[in-house]
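Below is one structure, written out as structure tokens; comments come after it.
Predicted model, so just to flag it, every value in this text is computed and none were measured. Chain naming here is simple, since letters A, B, ... match the order of the sequence lines and numbering starts at 1 in each.
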Protein chains: 2
Amino acid sequence: MASPRPGPNLSRIASSLGVSVATVSNALSGKGRVSGQLIEKIREHAAELGYVPSQAGRALRTGRSGVLGLVLPDIANPLFPKIAQAIEFAASAAGYGVLIADSRGDVAAQTEAINRLVERGVEGMVIIPRRATRISAAACPVAVIDTASTPGNTVAADHWQGGREIAGHLADLGHQRILIVGNNHESNVQNDRAGGIRSALRAGMHAETLWIDRLERDGGNGCTLGLAEKARQGFTAFAALSDLQALRALTELQQAGINIPADVSVTGFDDLVWSPVVTPSLTTVRMDVDRIAGIAVLALVNSIRTSSLREGMLVTAETDRVAMQLVVRQSSGPVNPASKTSEMENT
Amino acid sequence: MASPRPGPNLSRIASSLGVSVATVSNALSGKGRVSGQLIEKIREHAAELGYVPSQAGRALRTGRSGVLGLVLPDIANPLFPKIAQAIEFAASAAGYGVLIADSRGDVAAQTEAINRLVERGVEGMVIIPRRATRISAAACPVAVIDTASTPGNTVAADHWQGGREIAGHLADLGHQRILIVGNNHESNVQNDRAGGIRSALRAGMHAETLWIDRLERDGGNGCTLGLAEKARQGFTAFAALSDLQALRALTELQQAGINIPADVSVTGFDDLVWSPVVTPSLTTVRMDVDRIAGIAVLALVNSIRTSSLREGMLVTAETDRVAMQLVVRQSSGPVNPASKTSEMENT
DNA sequence: CTGAAAGCGCTTACAG
DNA sequence: CTGAAAGCGCTTACAG
């Protein structure tokens with residue numbers, strides 16, 4: 001059996017042209033020395049026949065599958081699309097295909113997903129790990145996209161610095177009391193972001209953090225976060241650690257009749273699809289996904305090249321931090337702008 | 001050269017155990033007749049060595065790559081994650097890997113993406129086409145996920161029926177004047193949804209449609225949709241054709257001081273991540289992505305099996321419609337519920 | 001410039 | 001129950 005592929009193969013082209021397979025291969029790849037005429041003739045004929053090289057044959061011979069793996073903790077996470085798109089783009093540009101694997105659920109599923117990819121012969125993989133997972137040496141080069149706190153071979157947005165951008169923005173608007181809103185107090189990303197915000201507070205500014213997961217664990221205020229109450233207590237800025245929480249905050253405050261940005265400001269993180277669409281649109285901070293994906297894929301590709309020499313698994317570069325960029329959409333705040341002249345701080 | 005793979009292969013296991021490769025292969029796959037003892041011994045040794053079968057070798061021999069392709073118009077579309085996840089899950093369950101390809105941009109990029117996948121040897125693919133694209137015969141079985149209006153080999157959520165669900169819900173809440181809000185008047189999906197809504201209006205109900213793309217093309221009202229004005233004109237229900245537009249509507253109305261759901265109701269489509277999170281949360285209609293993905297992948301797998309006999313490209317089943325399911329989150333409306341007793345209609 | 005040959009790792013009739 | 005052999009389609013030294 002061994003059901004042969006439908007399309008034509010090298011030897012079909014070769015015999016039909018009265019030349020050897022080697023010559024056809026060389027002509028098509030432009031490697032061995034083949035006369036211009038022949039090259040022309042062979043390529044033409046191949047195109048005519050709709051020849052598509054067999055990846056399997058090539059992979060078996062060269063030992064390179066031309067495929068990278070992408071492991072995601074949960075594709076349904078709204079951050080995923082942008083990263084996946086960027087990875088696919090970068091990989092594609094480097095001549096690689098991308099095999100996805102969703103590690104939904106626990107760490108076991110993640111290991112499982114990684115193994116599946118290895119079995120499928122990926123030459124390397126990009127892993128966005130589940131919270132608090134450490135990736136152990138896999139059978140191929142691995143690049144991790146996570147926080148900077150992850151040790152080694154990691155690319156990460158500089159979440160801390162992103163937090164500083166937010167704090168700076170809020171300070172410029174004249175805010176003094178900031179409520180940081182996160183939804184997972186164990187997330188490294190969220191902790192980095194919160195830490196960044198706190199680290200950039202100016203004199204006279206004060207921040208508190210509301211962890212939604214804790215609130216809910218403790219019974220919470222039903223389905224509200226009690227933000228209106230917080231506003232009444234004097235918080236004028238709500239700095240969510242992700243745009244989803246920002247959206248939650250925004251609508252909860254609006255529902256309570258609080259005007260944004262006239263009464264309070266709301267900021268987020270990640271510049272997700274809805275941020276520019278809601279009213280008022282969200283000030284947020286964006287990661288440079290293209291750059292992150294580019295670095296991850298490049299590290300992988302380099303590692304793959306090298307590993308053909310010293311066989312086995314290699315790690316990629318040291319942790320690489322990519323700056324986040326502030327996207328201002330709410331440009332005024334409740335306390336009138338001290339933006340240009342920040343002398344107010346001292347009052 | 002031909003840099004050999006790092007790991008052990010069948011012949012390594014075979015020679016190290018003093019048996020033939022054929023026997024090892026049979027023992028591992030459980031196919032040929034091998035004695036229980038030997039099977040045990042071989043499997044153990046293989047596991048010890050960390051043997052991972054070479055996909056390339058297997059694919060070359062069997063002509064099956066074990067990989068499906070997934071072509072998406074734009075991964076950044078918020079609907080994507082759920083579908084991709086479902087496809088990956090279904091494919092994985094069927095023993096297939098999934099290679100993704102983003103056809104971002106024009107139709108040319110889509111053709112390009114499809115070709116890339118074919119070159120990588122996918123055995124079939126799921127295509128979510130760009131608007132108004134007709135997929136021409138590819139070099140492998142194809143399943144399309146689109147609207148029911150797409151001819152042949154298509155799986156689709158029943159957007160029309162989804163629209164009817166929404167209309168029924170709004171009717172039950174006692175709404176008479178409905179503003180349908182879409183963002184692309186050329187989208188088949190959105191037109192189906194709008195058509196479904198209109199088709200299920202009850203006596204005395206009236207609907208108008210606001211197409212955001214037209215509004216913007218004509219200069220629009222700046223960045224607002226003018227929904228508050230619509231509310232003043234007597235519209236009490238805003239039925240967006242996607243949750244993103246619903247979100248836009250919700251926040252715009254809230255910003256204008258209109259209370260939801262006390263003054264007006266807002267509904268969406270697709271049950272995207274933020275729908276349950278915003279205040280008030282969105283009533284929406286959800287597609288059964290798992291079912292859709294399951295059907296698409298199954299059709300593909302069947303088609304692949306068959307095509308090994310009658311070689312060449314096959315289409316999958318006829319258009320298959322999957323019911324959408326109403327998710328009620330705003331259970332009261334401005335005009336007090338006629339829900340149970342819908343006699344009000346006749347007044 | 002061109003071709004004959006080996007071999008990547010696997011599976012599968014077939015013979016013993 | 002086990003093994004020897006062929007062959008999937010390709011690339012790459014090597015010889016001519």
Starting at [atom1] of [X] and ending at [atom2] of [N], how long is that distance when rounded to a whole Å?
{"X": "A:Gln37", "N": "C:dT2", "atom1": "CD", "atom2": "C1'", "result": "14 Å"}
{"X": "B:Arg12", "N": "C:dG9", "atom1": "CZ", "atom2": "P", "result": "9 Å"}
{"X": "A:Tyr51", "N": "D:dG9", "atom1": "OH", "atom2": "P", "result": "10 Å"}
{"X": "A:Ile13", "N": "D:dC10", "atom1": "CD1", "atom2": "P", "result": "8 Å"}
{"X": "A:Arg120", "N": "C:dC10", "atom1": "CZ", "atom2": "P", "result": "15 Å"}
{"X": "B:Leu28", "N": "C:dG9", "atom1": "CG", "atom2": "P", "result": "15 Å"}
{"X": "A:Leu60", "N": "D:dT11", "atom1": "CG", "atom2": "C1'", "result": "11 Å"}
{"X": "B:Leu10", "N": "D:dC8", "atom1": "CG", "atom2": "P", "result": "19 Å"}

Establish, with yes or no, whether the OP1 or OP2 oxygen of [N] is under 4.0 angstrom from a side-chain nitrogen or oxygen of [X].
{"X": "B:Thr23", "N": "D:dT2", "answer": "no"}
{"X": "B:Lys31", "N": "C:dT11", "answer": "no"}
{"X": "A:Arg58", "N": "D:dG9", "answer": "no"}
{"X": "A:Ser25", "N": "D:dT11", "answer": "yes"}

Intermediate values then yes/no, side-chain contact (heavy atoms from CB on, under 4.5 Å), B:Val98 and B:Val67:
CA-CA 6 Å; B:Val98 177; B:Val67 175; over 6 Å; no
Give a yes or no answer on whether the side chain of A:Arg120 reaches the backbone of B:Gly66 with a donor-acceptor pair at less than 3.5 Å.
yes
B:Ala113 backbone acceptor or donor facing B:Ser103 side chain under 3.5 Å
no
Could you go step by step and tell me if A:Arg116 and B:Glu88 meet the salt bridge (charged side-chain N to carboxylate O under 4.0 Å, His left out) rule?
CA-CA 12 Å; A:Arg116 271 200 327 257; B:Glu88 197 264 348; 2.9 Å; yes
Looking only at side chains, do B:Arg64 and B:Tyr96 share a donor and an acceptor under 3.5 Å apart?
yes
Heavy-atom check, side chain of [X] versus side chain of [Y], under 4.5 Å:
{"X": "B:Leu68", "Y": "B:Ile87", "answer": "no"}
{"X": "B:Gln85", "Y": "A:Asp74", "answer": "yes"}
{"X": "B:Val19", "Y": "B:Lys41", "answer": "no"}
{"X": "A:Leu28", "Y": "A:Pro53", "answer": "no"}

By nearest nucleotide on DNA chain D, pick out whichever of B:Ala22 and A:Ser29 is the more 5' one.
B:Ala22
Starting the side chain at C-beta, find the nucleotide from [options] nearest to [X].
{"X": "B:Thr62", "options": "D:dG9, C:dT11, C:dT2", "result": "C:dT11"}
{"X": "B:Val34", "options": "D:dA6, D:dT2, C:dT2", "result": "D:dT2"}
{"X": "B:Arg61", "options": "D:dT2, C:dG7, D:dA6", "result": "D:dA6"}

Can you give the dot-bracket line for DNA chain D, using ( ) for pairs inside the strand, [ ] for pairs that cross earlier ones, | for pairs with another strand and . for unpaired bases, where Watson-Crick and G-U count if both distances are under 3.5 Å?
|||.||||||||.|||
So which of residues 40-50 of chain B are in contact with DNA chain C, with a heavy-atom cut-off of under 4.0 Å?
none
B:Asn26 or B:Ala56: which one's nearest nucleotide on DNA chain C is closer to the 5' end?
B:Ala56
Heavy atoms under 4.0 Å, any strand shown: does B:Ser35 hit a base, just sugar-phosphate, or nothing?
sugar-phosphate
Quick one, B:Ile128 with B:Phe80, criterion side-chain contact (heavy atoms from CB on, under 4.5 Å). Give me CA distance, side-chain angles, the key distance, then yes/no.
CA-CA 10 Å; B:Ile128 306 179; B:Phe80 163 72; 5.8 Å; no
